Amino acid sequence: MPELPEVETIVRDLQELIPGTTIKNLQILRPNVIRGSDTIFKDNLIGKTFQSISRRGKNIIANMDSGLILVVNLGMTGRLGLQQDDCVFTHPAIYFTLNFGKILVYDDVRRFGKLDIYSEQEWLDRSAQLGPEPLSPEYKHTDLHEKLNSSGSPIRSWLLDQKNVVGVGNIYANESLHLSGIHPQRPANRITKTESQLLYKALRKILLSAIQNRGTTLRNYRDVSGKGGNNSSKLRIYGRHGENCLSCSDQVQRISFSNRSAFFCPSCQR
DNA sequence: TGGTAGACTTGGATGC
DNA sequence: CTAGTCCAAGTCTACC
């Protein structure tokens, strides 16, 4: 489900609800969504208070008053939401009982998501292995261009690799490549400087507008209150194989490599 | 070593 | 109506 815009939407929702609340109890219904032992997980969280919520790539970062950090990666179908009348959880994995009477639910159909506890130093080390934030003011098109030169991978695969740039998943990788006119299988090191500038601009534009639309809901993605995002109708290439390209009317193609589908227009993308 | 296929897991769509 | 097949927002591991 969740790429940068979806995780950002959830984080902004959680920032309004969670800081200052204390975990009174924790029920782990599906132990395989947490890394490490469930007793250690409980010991580290029960009785602790959330200080702040932030995002790093596709990870939700919760700083606790103990100094430990709870990191949630939603995988493909993970959700965080408050249990309320209008919010239906089909596959609850963890219940966080909070002190203001609400229950925060981690729900995950496929259970590819993971929750993990880090010390500050452990998280700094882990975070240092991740690539730059594409929406950060410090991230320049020259950074993208330089890094592209060191890889012969197809650009779509390169964009999905969180060591190169964080937060990009299959939907927004395909959308950005379409907007910048680059074929998904072009080797990263054969993208020109001009093209890398177009890709840089496309990436930021696509991610920002998806955040404004509160993310793309294809099936499972929901915000914290259980509502879907509004960005799916804005997609111009992802999932549109067999339909006409919205830019030139040629037929959108689907190919598969690295075990993932890629969508492209053979006229617009070379 | 860099790059990629496979595994993990459940369910919806398609079509017999 | 049902069965089999294919496909899905991500990431980690193993292998060439």
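The structure presented is a predicted model; accordingly, all values stated were derived computationally and were not measured. Letters A, B, ... mirror the listed sequences (proteins, then strands); counts begin at 1.
For A/Ser153, a side-chain nitrogen or oxygen approaches OP1 or OP2 of B/dT4 to under 4.0 Å. Between C/dG10 and A/Asn73, no contact under 4.0 Å exists linking OP1 or OP2 to a side-chain N or O.
Evaluation of the side chain to side chain contact (heavy atoms under 4.5 Å, CB included) rule for A/Asn213 yields A/Ser209, A/Asn230, A/Asn231, A/Lys234 as partners, not counting sequence neighbours. Legend: residues meeting side chain to side chain contact (heavy atoms under 4.5 Å, CB included) with A/Gln162, ordered by chain and number and at least two apart, are A/Lys58, A/Leu130, A/Val166. Not a single side chain to side chain donor-acceptor pair (under 3.5 Å) links A/Asn164 to another residue, sequence neighbours left out. Looking at residues two or more places apart in sequence or on another chain, you find a side chain to side chain contact (heavy atoms under 4.5 Å, CB included) between A/Gln121 and A/Ser119, A/Leu124, A/Asp125. Residues meeting the ring-ring contact (aromatic ring centres under 6.0 Å, His included) test with A/Tyr118, sequence neighbours left out: A/Trp123. In this structure, the ring-ring contact (aromatic ring centres under 6.0 Å, His included) partners of A/Phe263, at least two apart in sequence or on a different chain, are A/Tyr238, A/His241. Not counting sequence neighbours, the partners of A/Asp143 by the side chain to side chain contact (heavy atoms under 4.5 Å, CB included) test are A/Tyr139, A/Lys140.
Within residues 255-263 of chain A, the residues that have a heavy atom under 4.0 Å from DNA chain B are, in order of number, A/Ser258, A/Asn259. Interface residues of residues 110-127 of chain A facing DNA chain B, ordered by number: A/Arg110, A/Arg111, A/Phe112; criterion, heavy-atom separation under 4.0 Å.
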Between the protein and nucleotides 14-16 of chain C, are there any N/O to N/O pairs under 3.5 Å, and if so, what are the atom names and distances?
none

What's touching nucleotides 11-14 of chain B from the protein side, N or O pairs under 3.5 Å?
{"from": "B/dG11", "atom 1": "OP1", "to": "A/His91", "atom 2": "NE2", "distance (Å)": "2.8"}

Extract all donor-acceptor atom pairs below 3.5 Å that involve side chains of residues 46-53 of chain A and protein atoms in other chains or at least two apart in sequence.
{"from": "A/Thr49", "atom 1": "OG1", "to": "A/Thr22", "atom 2": "OG1", "distance (Å)": "2.7"}

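Of the nucleotides present, C/dC7 is the one that pairs with B/dG11 by Watson-Crick or G-U wobble criteria, both distances under 3.5 Å.
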